[in-house]
Asker: 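Take this structure first; my questions come after.
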Amino acid sequence: MLGRAWFVTIEGIEGAGKSTCMAVLRRFFEARGEPVVSTREPGGTELGERIRELLLSHSHEGMTLKSETLLMFAARAEHLAQVIEPALAAGRHVLCDRFTDATYAYQGGGRGLPADQIQRLEEWVQEGRRPDLTLFLDVPVDTGLARAAQRSAPDRFEREQAEFFERARRVYLDRARSEPGRIHVIDASQPLEAVAGLVEQVLQQVIGND
Ligand code: Z5A
């Protein structure tokens, strides 16, 4: 008999290692023989992926902060209705690469949108749905940016200056301090294997045999 279905999110600035962490999460649940849905934001649905393209494309450099934020939440509304809620209702764990903490970090911290405006959208769109567990992969900005630079051409967010990511990181850390039961900070400056080990430790500690 399946226990509760967990909604787990992963957060981090550029180059924090979210992709590796997603794989560790998936293995953790699959080793228990439990079904998981791996997904991401912005994205996760056909419409959401189209919105993601608009958000990341350099064709829309002048997008207003209101439009950017509403597009994030439009993709999220679709994602919740089509993927997240149905999966949780069917007893499947949902593993999501970024969620609303990223909106507080990037649109809030990075771009300066007041948190209460994000909170109003969060309440309206999510109707109380929040992650059960969030892993924040914390890495110094210069380390993260150096890793990301080795990978691919920068998208519309990745072109931001280091100070933008410093502000986003500060918001993540503040949120982790105010919600220690949900948001766990992982030291992601270490080698990948060590980070994977830390992620496993948190999963054992929080989810264990639940
Ligand atoms: N965004 C937003 O503004 N508001 C929102 O509400 C949401 C999102 C939901 C796209 O997200 C953008 O959307 C994002 C925020 C914004 N922009 N930024 N920045 P995304 O999650 O798709 O984009 P991303 O942050 O660029 O994800 P990513 O590139 O997949 O990051 P990552 O998963 O953390 O990186 P990675 O691929 O795992 O690692 C990057 C490289 O570093 C790779 O070569 C790894 O091998 C290497 N790496 C990772 N960890 C290590 C360690 N520990 N040691 C050595 N090397 C490592």
Side-chain angles (χ1 to χ4, degrees), residues 9-26 38-45 48-49 51-58 60 63-80 83-84 95-113 115 117-119 121-122 125-126 130-131 134-169 171-172 175 186-200:
T9 60
I10 299 180
E11 300 283 354
I13 59 156
E14 274 296 275
K18 294 183 289 97
S19 313
T20 309
C21 182
M22 282 293 282
V24 173
L25 275 173
R26 180 177 265 280
S38 295
T39 186
R40 69 172 179 181
E41 290 213 349
T45 64
E49 292 294 327
I51 293 174
R52 179 189 178 89
E53 284 171 25
L54 295 173
L55 281 163
L56 301 190
S57 160
H58 294 295
H60 307 288
M63 183 183 298
T64 68
L65 178 52
K66 279 184 180 166
S67 303
E68 181 177 291
T69 307
L70 290 168
L71 284 171
M72 292 292 176
F73 274 103
R76 187 161 297 140
E78 208 62 19
H79 199 198
L80 282 161
V83 177
I84 297 174
L95 317 178
C96 191
D97 186 337
R98 295 196 188 281
F99 196 63
T100 307
D101 292 300
T103 316
Y104 283 97
Y106 287 84
Q107 282 64 53
R111 302 220 197 276
L113 188 70
Q117 295 185 22
I118 300 172
Q119 199 181 343
L121 290 169
E122 178 182 24
V125 169
Q126 295 173 216
R130 301 185 81 223
T134 297
L135 303 175
F136 171 54
L137 302 181
D138 186 37
V139 71
V141 169
D142 51 358
T143 308
L145 292 183
R147 287 177 187 167
Q150 290 177 343
R151 196 187 33 185
S152 57
D155 63 33
R156 200 171 62 85
F157 287 92
E158 291 165 343
R159 283 240 289 249
E160 291 293 340
Q161 301 300 309
E163 181 50 33
F164 172 89
F165 295 102
E166 293 286 3
R167 291 194 297 274
R169 182 185 182 204
V171 169
Y172 275 130
R175 290 177 69 74
I186 309 266
D187 176 3
S189 63
Q190 303 186 43
L192 272 175
E193 308 72 51
V195 176
L198 290 173
V199 168
E200 269 169 29

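Small disclaimer: the values here were computed from a predicted structure and weren't measured. FYI, side chains are in, hydrogens and waters are out, and symmetry mates aren't considered; it's all heavy atoms of this structure. First listed ligand is number 1; within each ligand, the first listed atom is number 1.
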Asker: Answer yes when R169 and E14 have at least one side-chain N-carboxylate O distance shorter than 4.0 Å, and no when they do not.
Answerer: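 No, R169 and E14 are not salt-bridged.
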
Asker: May I ask you to identify, for E41, whether its side chain, its backbone, both or neither come under 4.0 Å of ligand 1 on a heavy-atom basis?
Answerer: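 Answer for E41: both.
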
Asker: Identify the two heavy atoms, one from G15 and one from A148, that lie closest to each other, and give their separation to 0.1 Å.
Answerer: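 For G15 and A148, the tightest heavy-atom pair comes out as N-CB, 4.3 Å.
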
Asker: Kindly give the heavy-atom pair with the smallest separation between E158 and P154, and that separation in Å.
Answerer: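 What the structure gives for the nearest pair is OE1-CA, 3.2 Å.
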
Asker: Return the closest protein heavy atom for atom 43 (C) of ligand 1 as residue, atom name and distance.
Answerer: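 Going atom by atom, the protein heavy atom closest to atom 43 (C) of ligand 1 ends up being R151 CD, 4.4 Å.
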
Asker: List the closest protein heavy-atom neighbour of atom 25 (O) of ligand 1: residue, atom name, distance to the nearest 0.1 Å.
Answerer: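 Scanning the protein heavy atoms, the shortest distance from atom 25 (O) of ligand 1 goes to R98 NH2, 2.4 Å.
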
Asker: I want to check something: taking the side chain as every heavy atom from C-beta on, are L55 and D155 in contact at a cut-off of under 4.5 Å?
Answerer: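 No, too far: nothing below the 4.5 Å cut-off.
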
Asker: Go through L135 and L25 one step at a time and tell me if the side chain to side chain contact (heavy atoms under 4.5 Å, CB included) criterion holds.
Answerer: CA-CA 10 Å; L135 303 175; L25 275 173; 4.2 Å; yes

Asker: Write out the residue and atom name of the closest protein heavy atom to atom 41 (C) of ligand 1, then the distance separating them to 0.1 Å.
Answerer: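 The protein heavy atom lying closest is R147 O, 4.0 Å.
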
Asker: Looking only at heavy atoms, which two atoms of E41 and R76 are closest? And how far apart?
Answerer: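 Looking at all heavy atoms of both residues, the closest pair is OE1-NE, 2.6 Å.
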
Asker: Starting from atom 22 (O) of ligand 1, locate the nearest protein heavy atom and write down its residue, its atom name and how far away it is, to 0.1 Å.
Answerer: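 Answer, as residue, atom name and distance: R52 NH2, 2.6 Å.
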
Asker: Identify which one of T143, L145, V139, D138 satisfies the side chain to side chain contact (heavy atoms under 4.5 Å, CB included) criterion when paired with I13.
Answerer: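 Filter result, single survivor: V139.
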
Asker: Is the shortest N/O to N/O distance between G17 and ligand 1 below 3.5 Å?
Answerer: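 It does: an N or O of G17 is found under 3.5 Å from an N or O of ligand 1.
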
Asker: Below a 4.0 angstrom heavy-atom separation, can you tell me which part of Q107, side chain or backbone, both or neither, approaches ligand 1?
Answerer: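 The answer is the side chain of Q107.
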
Asker: Note the single closest protein heavy atom to atom 17 (N) of ligand 1, along with its residue, its atom name and the distance in Å.
Answerer: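 The answer is F157 CB, 3.3 Å.
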
Asker: Quick check for you: to the nearest 0.5 Å, what is the distance between Q117 atom CD and E122 atom CD?
Answerer: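 Between atom CD of Q117 and atom CD of E122 there are 14.0 Å.
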
Asker: Flag A16 as yes when one of its N or O atoms lies below 3.5 Å from any N or O atom of ligand 1, and as no otherwise.
Answerer: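 It does: an N or O of A16 is found under 3.5 Å from an N or O of ligand 1.
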
Asker: Could you tell me the separation between the CZ atom of R130 and the OG1 atom of T100, rounded to the nearest 0.5 Å?
Answerer: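 Between R130 CZ and T100 OG1, I get 8.5 Å after rounding to 0.5 Å.
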
Asker: Do any non-hydrogen protein atoms sit less than 4.0 Å from atom 52 (C) of ligand 1?
Answerer: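 Yes.
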
Asker: Considering only protein heavy atoms, which is closest to atom 5 (C) of ligand 1, and at what distance to one decimal place?
Answerer: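 Protein heavy atom at minimum distance: M72 SD, 3.4 Å.
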
Asker: Under 4.0 Å from a heavy atom of F165: which atoms of ligand 1 are those, numbered in the order shown and with their elements?
Answerer: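 Taking each heavy atom of F165 in turn, ligand 1 has 19 (N) under 4.0 Å.
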
Asker: Check E160 with R167, please: is the shortest side-chain N to carboxylate O separation under 4.0 Å?
Answerer: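 Salt bridge between R167 and E160, a charged N being under 4.0 Å from a carboxylate O: no.
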
Asker: Please give me the minimum heavy-atom distance between P131 and F99, naming the atom from each residue.
Answerer: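 Heavy-atom minimum between the residues: CG-CD2, 3.9 Å.
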
Asker: Check ligand 1 against P191 and write out every atom of the ligand that is under 4.0 Å from a heavy-atom position of the residue.
Answerer: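 Matching atoms, with element in brackets: 53 (N).
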
Asker: Please list, in number order, the atoms of ligand 1 under 4.0 Å from a heavy atom of Q190.
Answerer: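 Heavy-atom distances to Q190 below 4.0 Å select 52 (C), 53 (N), 54 (N).
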
Asker: Looking at ligand 1, is there an atom of it that comes within less than 4.0 Å of some heavy atom belonging to E158?
Answerer: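 Contact present.
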
Asker: Could you tell me, atom by atom, which parts of ligand 1 come under 4.0 Å of a heavy atom of A102?
Answerer: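 Answer for ligand 1: 4 (N), 5 (C), 6 (O), 7 (C), 9 (C).
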
Asker: Do L113 and T69 pass the side chain to side chain contact (heavy atoms under 4.5 Å, CB included) test, and can you show the C-alpha distance, the side-chain angles, and the key distance before you say yes or no?
Answerer: CA-CA 9 Å; L113 188 70; T69 307; 3.6 Å; yes

Asker: In terms of residue, atom name and distance, what is the protein heavy atom nearest to atom 6 (O) of ligand 1?
Answerer: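 Of the protein heavy atoms, T103 OG1, 2.6 Å lies nearest.
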
Asker: Does A188 approach ligand 1 within less than 4.0 angstrom via side chain, backbone, both or neither, non-hydrogen atoms only?
Answerer: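 It is the backbone that touches ligand 1; the side chain stays farther off.
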
Asker: Hey, is ligand 1 close enough to D155 that some N/O pair sits below 3.5 Å?
Answerer: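 No, there is no polar N/O contact under 3.5 Å.
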
Asker: Side chain, backbone, both or neither: which part of C21 comes within less than 4.0 Å of ligand 1 when only heavy atoms are counted?
Answerer: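 None of C21 does.
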
Asker: Just to confirm my output: which protein heavy-atom neighbour is closest to atom 13 (O) of ligand 1, and how far is it?
Answerer: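 So the nearest neighbour among protein heavy atoms is P42 CD, 3.8 Å.
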
Asker: Is R40 touching ligand 1 with its side chain, its backbone, both, or neither, if touching means heavy atoms under 4.0 Å apart?
Answerer: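 The answer is neither.
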
Asker: Does the structure place the NZ or CZ of R175 under 6.0 Å from the centre of the six-membered ring of F136, at an angle of no more than 45° from the ring's axis?
Answerer: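 Not flagged: R175 not positioned over aromatic ring of F136.
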
Asker: Where's the contact between E68 and ligand 1, heavy-atom distance under 4.0 Å: side chain, backbone, both or neither?
Answerer: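 It is neither; nothing of E68 touches ligand 1.
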
Asker: Could you work out, for atom 26 (O) of ligand 1, the closest of E11, Q150, R159, E14 by heavy-atom distance?
Answerer: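 Nearest heavy atom to atom 26 (O) of ligand 1 lies in E14.
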
Asker: Taking side chain to side chain contact (heavy atoms under 4.5 Å, CB included) as the definition, give me every residue that meets it alongside A102, ordered by chain and number, with sequence neighbours left out.
Answerer: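 Partners of A102 under the side chain to side chain contact (heavy atoms under 4.5 Å, CB included) test: E11, R98, Y106, Y172.
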
Asker: I need the atoms of ligand 1 closer than 4.0 Å to a non-hydrogen atom of R76, numbered in the order shown.
Answerer: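 Those atoms are 6 (O), 9 (C).
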
Asker: Which part of E160 is near ligand 1, with near meaning a heavy atom under 4.0 Å away: side chain, backbone, both or neither?
Answerer: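 The answer is neither.
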
Asker: Might you confirm whether atom CD of E163 has over 12 heavy atoms from other residues, nucleotides or ligands at distances under 6.0 Å?
Answerer: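 Counting neighbours around CD of E163, more than 12 heavy atoms of other residues, nucleotides or ligands fall under 6.0 Å, so yes.
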
